[in-house]
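Take a look at the structure below.
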Amino acid sequence: MDSLNIRRNYNTHNNVIFLRSSSSGCTRALLALPEGDRVLYGQLGMSVPCQQHAEPQSLFSRYLRWVDILDPTTLLSSDAEIKNSRALLESLGITNKDFTQDRKVNDAQKLCEVSVHPDTGNVIPTIFRPPAFMPLATPLAVATLLPHIGTKPAFFWQFLFHTYSAGFNLHNRNGTCKPKKSQPFQSVLLVGSVTYFAFLGALPQFLMNRYKFRSTAMQTFLGRLLPVPLVTFLSAFNVVAVRLQETEDGIEVKDKSGNVIGTSSQAGYKAVKETALSRAALMGITAVVPAALHPLLQRSRFFLRNSVALAPIKYVATALTFGAMIPVSFSLFPRQGTILRSELELELQENTREPVLFYQRGL
């Protein structure tokens, strides 16, 4: 068995463990995972250039981590800078210098975490990286949630929002899913799904314009109440439509040593479900805020005298809520998901005796 040289680097949230084989020269990152009162270190099975911080296990710790790495300035980094960061992290496994408090190393880790896909090691397109989600998706979400005069503007903004969401879901999904059969019309089906979601999202506006309801209750229902659950479910279905293949063909599951046990559809279903729930929470809470603020603000004396100021306040409230909810939704579930052995397919249960297996959830 290869002799191993292990060195720990600590930060405010967790510790990163690097494992280097003296014979093969392969450096790997270890993930800290709690089990009762002790800690197991599960090998991620990815090289250091693609490694991520040992993921915090508590929701609040994951939230703080996402607040830290959702730095828009990382979007300005070139491919050469990302390559240099990966090379710097590689060198950590072959030096004896302590980089615990080195800001350059911490910046390199943050840059790789938000720029490099954890499964494939490929650089994610700039506009679909996690730090780009806030500046690009926020104006689309605001335009989608606020009322429009006509059906065409409503459909247009719905289409832009669901198109960007589909692209983000596609580039941040699990990268281990291998299609069992060719799907030549997958892109066509994806465009059709986005168009369908946009049509459903604009449906309340279409009904209001088409039938011109005089009832105040009906106008309130179509204009303020119905859009909230509608946009919530459509955001979740967007994730399902893009990543449906993972629930059918499965994704890789590994043991705590990083050994691939097999491909599991159950793990794929759980990964897609958790991601869809996180996206539903993001859009659902964002949609509730302007709907709840409207009747409250309308009754105040200021807005009774200055009704024009009501719309800008709703715009700002929607944008702030959406931006604040992004790190919350990203941290609802760990990116390194776990699944019980008893939940896997029978043929995979025979391949291991470990009670808990691991998979990459995606984002």
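Hydrogens, waters and symmetry mates are skipped; everything else that's a heavy atom, side chains included, is used. The structure presented is a predicted model; accordingly, all values stated were derived computationally and were not measured.
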So how far is it from [X] [atom1] to [Y] [atom2], rounded to the nearest 0.5 Å?
X: Arg353; Y: Asp255; atom1: CZ; atom2: CG; result: 13.5 Å
X: Lys104; Y: Asn106; atom1: NZ; atom2: CG; result: 12.5 Å
X: Gln109; Y: Leu88; atom1: CD; atom2: CG; result: 8.5 Å
X: Leu64; Y: Ile69; atom1: CG; atom2: CD1; result: 11.5 Å
X: Leu346; Y: Asn351; atom1: CG; atom2: CG; result: 11.5 Å
X: Ser264; Y: Gln349; atom1: OG; atom2: CD; result: 9.5 Å

- Please list, chain by chain and in numerical order, all residues satisfying side chain to side chain donor-acceptor pair (under 3.5 Å) with Asn169, sequence neighbours excluded.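 Side chain to side chain donor-acceptor pair (under 3.5 Å) check on Asn169 returns Asn238, Arg279.
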If we only count heavy atoms from C-beta on, is the [X] to [Y] side-chain gap below 4.5 Å?
X: Leu200; Y: Phe237; result: no
X: Phe168; Y: Leu136; result: no
X: Asp71; Y: Lys110; result: yes
X: Gln336; Y: Arg361; result: no

- Task: Evaluate the side chain to side chain contact (heavy atoms under 4.5 Å, CB included) criterion for residues Phe330 and Leu70: first the C-alpha distance (whole Å), next the side-chain angles of each, then the deciding distance (0.1 Å), finally the verdict.
- Result: CA-CA 10 Å; Phe330 285 174; Leu70 288 176; 4.2 Å; yes
Over all heavy atoms of both residues, which pair between [X] and [Y] is shortest? Give the atoms and the distance, please.
X: Thr74; Y: Pro131; answer: OG1-CG, 3.5 Å
X: Ile251; Y: Gly268; answer: CG1-N, 3.6 Å
X: Leu89; Y: Ala108; answer: CD1-O, 4.1 Å
X: Ser115; Y: Arg129; answer: OG-NH1, 3.8 Å
X: Val231; Y: Met283; answer: CG2-CE, 3.7 Å
X: Met325; Y: Ala281; answer: CE-O, 3.7 Å

Do side-chain atoms of [X] reach the backbone of [Y] as a donor and acceptor pair under 3.5 angstrom?
X: Ser61; Y: Ser58; result: no
X: Arg224; Y: Ala291; result: no
X: Glu246; Y: Ala271; result: no
X: Glu345; Y: Ser265; result: yes
X: Asn122; Y: His117; result: no
X: Arg335; Y: Gln360; result: no
X: Arg86; Y: Gly121; result: yes
X: Glu248; Y: Gln245; result: no
X: Ser331; Y: Val328; result: yes
X: Ser278; Y: Thr275; result: yes

Give a yes or no on whether [X] and [Y] share a hydrophobic cluster (residues Ile, Leu, Val, Met, Phe, Trp, Tyr; joining criterion: side-chain heavy atoms under 4.5 Å apart).
X: Val288; Y: Phe221; answer: no
X: Ile285; Y: Phe60; answer: yes
X: Leu207; Y: Phe233; answer: yes
X: Phe206; Y: Leu234; answer: yes
X: Val228; Y: Leu230; answer: no

- Task: Using the side-chain contact (heavy atoms from CB on, under 4.5 Å) rule, pick out the option among Thr352, Ile261, Thr338 that qualifies with Val253.
- Result: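 Among Thr352, Ile261, Thr338, the one meeting side-chain contact (heavy atoms from CB on, under 4.5 Å) with Val253 is Ile261.
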Over 60° means perpendicular and under 30° means parallel, so tell me whether [X] and [Y] are parallel, tilted or perpendicular.
X: His171; Y: Phe128; result: parallel
X: Tyr211; Y: Phe213; result: tilted
X: His162; Y: Phe197; result: tilted

- Task: Kindly determine whether Phe161 and Val194 satisfy side chain to side chain contact (heavy atoms under 4.5 Å, CB included), including the steps that lead there.
- Result: CA-CA 9 Å; Phe161 174 75; Val194 168; over 6 Å; no
Output a table of donor-acceptor pairs, distance under 3.5 Å, between side-chain atoms of residues 141-154 and any protein atom two or more places apart or on a different chain; print 'none' if there are none.
{"from": "Thr144", "atom 1": "OG1", "to": "Leu140", "atom 2": "O", "distance (Å)": "2.6"}
{"from": "Thr144", "atom 1": "OG1", "to": "Trp157", "atom 2": "O", "distance (Å)": "3.3"}
{"from": "His148", "atom 1": "NE2", "to": "Ala143", "atom 2": "O", "distance (Å)": "2.7"}
{"from": "His148", "atom 1": "NE2", "to": "Leu146", "atom 2": "O", "distance (Å)": "3.3"}
{"from": "Thr151", "atom 1": "OG1", "to": "Asn209", "atom 2": "ND2", "distance (Å)": "3.3"}

- Starting from the C-alpha separation in whole Å, work towards a yes-or-no answer on side chain to side chain contact (heavy atoms under 4.5 Å, CB included) for Leu332 and Glu274. CA-CA 8 Å; Leu332 281 180; Glu274 291 176 346; over 6 Å; no
- By ring-ring contact (aromatic ring centres under 6.0 Å, His included), which residues pair with Phe156, not counting sequence neighbours?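 In terms of ring-ring contact (aromatic ring centres under 6.0 Å, His included), with neighbours along the sequence ignored, Phe156 is linked to no residue.
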- Task: Go through the steps to decide whether Val356 and Ile339 satisfy the test side chain to side chain contact (heavy atoms under 4.5 Å, CB included), and finish with yes or no.
- Result: CA-CA 6 Å; Val356 180; Ile339 186 171; over 6 Å; no
